[in-house]
Amino acid sequence: MLAGKVPFQLLNISPANQSLAYAPDAYNKMNYLEFVSDHYVGFNMTQSFNVFF
């Protein structure tokens, strides 16, 4: 990993969701502007049992 300074304009503010409702495209229960990064990886998984249970 490279260490150095990144200009503020190139930083990414991760999408946050402070409400109790689930938002699939945001990090739930995270405050707004709480996490800022220059790169990140996200993972989203949906599992369906096709009414097996």
Legend entry - Nearest atoms (heavy-atom pairs only) where Met30 meets Gln18: O-CG, 3.5 Å
Inset, instruction - Following the transitive rule for hydrophobic clusters with a side-chain heavy-atom cut-off under 4.5 Å over Ile, Leu, Val, Met, Phe, Trp and Tyr, establish whether Leu33 and Val36 coincide in one cluster. - result: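 In one cluster with Leu33: Val36, yes.
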Would you tabulate the side-chain donor-acceptor contacts of residues 8-17 under 3.5 Å, counting partners in other chains and residues two or more places apart, or write 'none'?
unit_1: Asn17; atom_1: OD1; unit_2: Ser19; atom_2: N; d: 3.2
unit_1: Asn17; atom_1: OD1; unit_2: Ser19; atom_2: OG; d: 2.8
unit_1: Asn17; atom_1: ND2; unit_2: Ala21; atom_2: O; d: 2.8
unit_1: Asn17; atom_1: ND2; unit_2: Asn28; atom_2: OD1; d: 2.8

